[in-house]
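Here is the structure we will look at, set down as structure tokens.
When reading the values below, keep in mind they use all heavy atoms of this one structure, side chains included, and skip hydrogens, waters and symmetry mates.
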Amino acid sequence: MSPEALSELISAIAHDLVAQGKAGDLTDDLIPSVDKLTVMRPKDRAHGDWASNIAMQLAKKAGMKPRDLAEPFAAALAEAEGVKSVEVAGPGFINITLDSASAAAVVDKVLAEGAAFGRNGHLGGETLNLEFVSANPTGPIHIGGTRWAAVGDSMARVLEANGATVVREYYFNDHGEQINRFAKSLVAAWAEANNLGEAGYQTETPCDGYKGAYINEIAARVQAEAESDGVDLTALAHQDQGLNDDGEPLGEADTEVREEFRKRAVPMMFDEIQKSMKDFRVNFDVWFHENSLYADGKVDAAIEELKSRGDIFDKDGATWFESTKHGDDKDRVIIKSNGEFAYFAADIAYYWDKRHRAENPADVAIYMLGADHHGYIGRMMAMCAAFGDEPGKNMQILIGQLVNVMKDGKPVRMSKRAGNVVTIDDLVEAVGVDAARYSLARTDYNTPVDIDLDLLASHTNENPVYYVQYAHARACNVDRNAADAGITHEGADLALLDTEADGEVLAALAQWPALLSLAGDLRAPHRVAHYLEDLAATYHKWYNVERVVPMALTDPEERQDDAAREALRIAKNPEPARAAARLKLNDAVRIVIAAGLDLLGVEAPERM
């Protein structure tokens, strides 16, 4: 019997007690829904398999003492099929012990459902647009974006496992000043590589520009591509070279040359980012370009929509969004006095587009933003409310914290390619995709995380991803050994899974469905990783004390007393029905670990 089944049983008993007049002043409408009736695993195994605080939850509503209400609950539970014993403890806890067959029923359920075990549809019926990473196309994805890639994709997988329709979306900031700075940086790198400084061209990276070996690489690729297309950048630069409005040399080839670099380099960065994401096992459904919001008139349309709702006003020659009407700390400029759009104008249009696009419009728009975007929450939620939506429901904003990369006990601050940051490719090269994804997804995104490269590259139990993957590989090895010994599932008697170690594994498996549901509700994929580590630890302990393939007992063991010898025989030399049952248990663990790792985008190796 699973925790979910026990919750349903407890709910039914509560309604029966009301009908029988045994629950004081309690009425049916005061009984919480089944999902609110928590069944817990006792910390002390001696207290039973599961515990419920239902009597303590309902005692005040019933006008009874918790223990007095717990007694009829316990009596009804004790009569249920599959329940071995029930006791009332402390102020009113109800401790439940299942019979072996009932506790082990989870094994057959896992084997029957396979990777679908624990999956459910409780988040079905809504489309969730999950936007994450969304790094500017001006350089490689840094470690913060890498964290969002791991967390975001894992979150999408967890939400889908709970029945949600998820649209994974990447937003390219390809409009505005950052693209101009990128182009200027490339022109400077190209000019320096071609010794054009003496001819008056700027060869130093602009103070607000981008640096790193990747700038030189992209500049060289642009030059090669242009030459292949018959475009002579040097000749074009000489043609551009002239005087600005102050009579000074332009120096940076400010017109056609920069445009050549912009139009060729930005797609190159798009391609590089897309490749990095694919190599990191992250596949997006939508690659959205900010520039399209302007090109398609969506910015103007969204502003007109807010104007029709009375939330736009003009002041000091600029156009403002009256966000204070909706809880923001100040109103926001959306069109500057010089006629240029403020950055927030695109945010307004982008949200409106997500909610109303023709294909897969979002019921819920989830934004995953970096720690430096915390100040954006107020204006974003105000904009959501201005459109008539519910902040926190239709729009959800998740703020991630910083990542520190460590090696040899010291922070890693330099990248061979990016110059001053660690990139996604740096991390993957150092530890591999599995370790990179797992280490970044296993920590709550709300907290900073330290990534220890030495630990993640090690094959020790201290390395969490190795520890979990090794449990799966070990279970696969048990299967191979069992096959060699001729042991199959045939003839298995799950009631023989009655040792303490068996019980701990069974309980761990039974908790997976509830854990998966909670991880979806809380947008918390790190809970999946923590569960896998707990399951792996429980399995490793079971593996060390129980055997599937019988082993011969040595003479010293034979000379023990009868009880000790029998316990040892059960553990190390099980009869066929028990060995087959343990093989089933082993395979159930293997299935759940593989399914959990898949939700984190991590492989489940069969050998290590």
**Asked** Within the distance-only criterion (no hydrogens, no angle test), does the side chain of Asn394 pair as donor or acceptor with the backbone N or O of Glu390 below 3.5 angstrom?
**Response** yes
**Item:** Six-ring centre of Phe280, Lys275 cation under 6.0 angstrom, axis tolerance 45°
**Value:** no
**Prompt:** Would Asp314 and Thr319 count as having a side-chain donor-acceptor pair, cut-off 3.5 Å?
**Reply:** yes
**Prompt:** Would you say the ring centroid of Phe341 lies under 6.0 angstrom from that of His175?
**Reply:** no
**Prompt:** Do we see a donor-acceptor contact under 3.5 Å between the side chains of Gln178 and Tyr343?
**Reply:** no
**Asked** Quick one: are the ring centres of Trp148 and Phe132 less than 6.0 Å apart?
**Response** no
**Fill in**
Taken in chain and number order and not counting sequence neighbours, the residues that satisfy side-chain hydrogen bond (donor to acceptor under 3.5 Å, both in side chains) with Glu359 are none
**Message:** I'd like to know if Arg281 pairs up with Glu603 as an ion pair, taking the criterion as any Lys NZ or Arg NE/NH1/NH2 lying under 4.0 Å from an Asp or Glu carboxylate oxygen.
**Reply:** yes
**Asked** When you measure from the centre of the six-membered ring of Tyr376, is the NZ or CZ of Arg379 under 6.0 Å away and within 45° of the axis?
**Response** yes
**Prompt:** With no hydrogens and no angle check, do the side chains of Tyr294 and Asp300 hold a donor and an acceptor under 3.5 Å apart?
**Reply:** no
**Asked** Does the pair Ser323 and His326 meet the rule for a side-chain contact (heavy atoms from CB on, under 4.5 Å), with working shown?
**Response** CA-CA 5 Å; Ser323 55; His326 304 284; 5.9 Å; no
**Salt bridge flag under 4.0 Å for residues Arg119 and Glu160** = no
**Short side-chain donor-acceptor distance under 3.5 Å, Arg147 and Gln401** = no
**Request:** Could you tell me whether the side chain of Asn463 and the main chain of Leu455 form a donor-acceptor pair under 3.5 Å?
**Result:** yes
**Request:** Tell me whether the centres of the aromatic rings in Phe172 and Phe288 are closer together than 6.0 Å.
**Result:** no
**Asked** In terms of side-chain heavy atoms, does Thr138 have a donor or acceptor partner in Asn136 at a distance below 3.5 Å?
**Response** no
**Asked** Is there a donor-acceptor contact under 3.5 Å linking the side chains of Asp174 and Asn291?
**Response** no
**Prompt:** Is the shortest side-chain N to carboxylate O distance from Arg157 to Asp153 below 4.0 Å?
**Reply:** yes
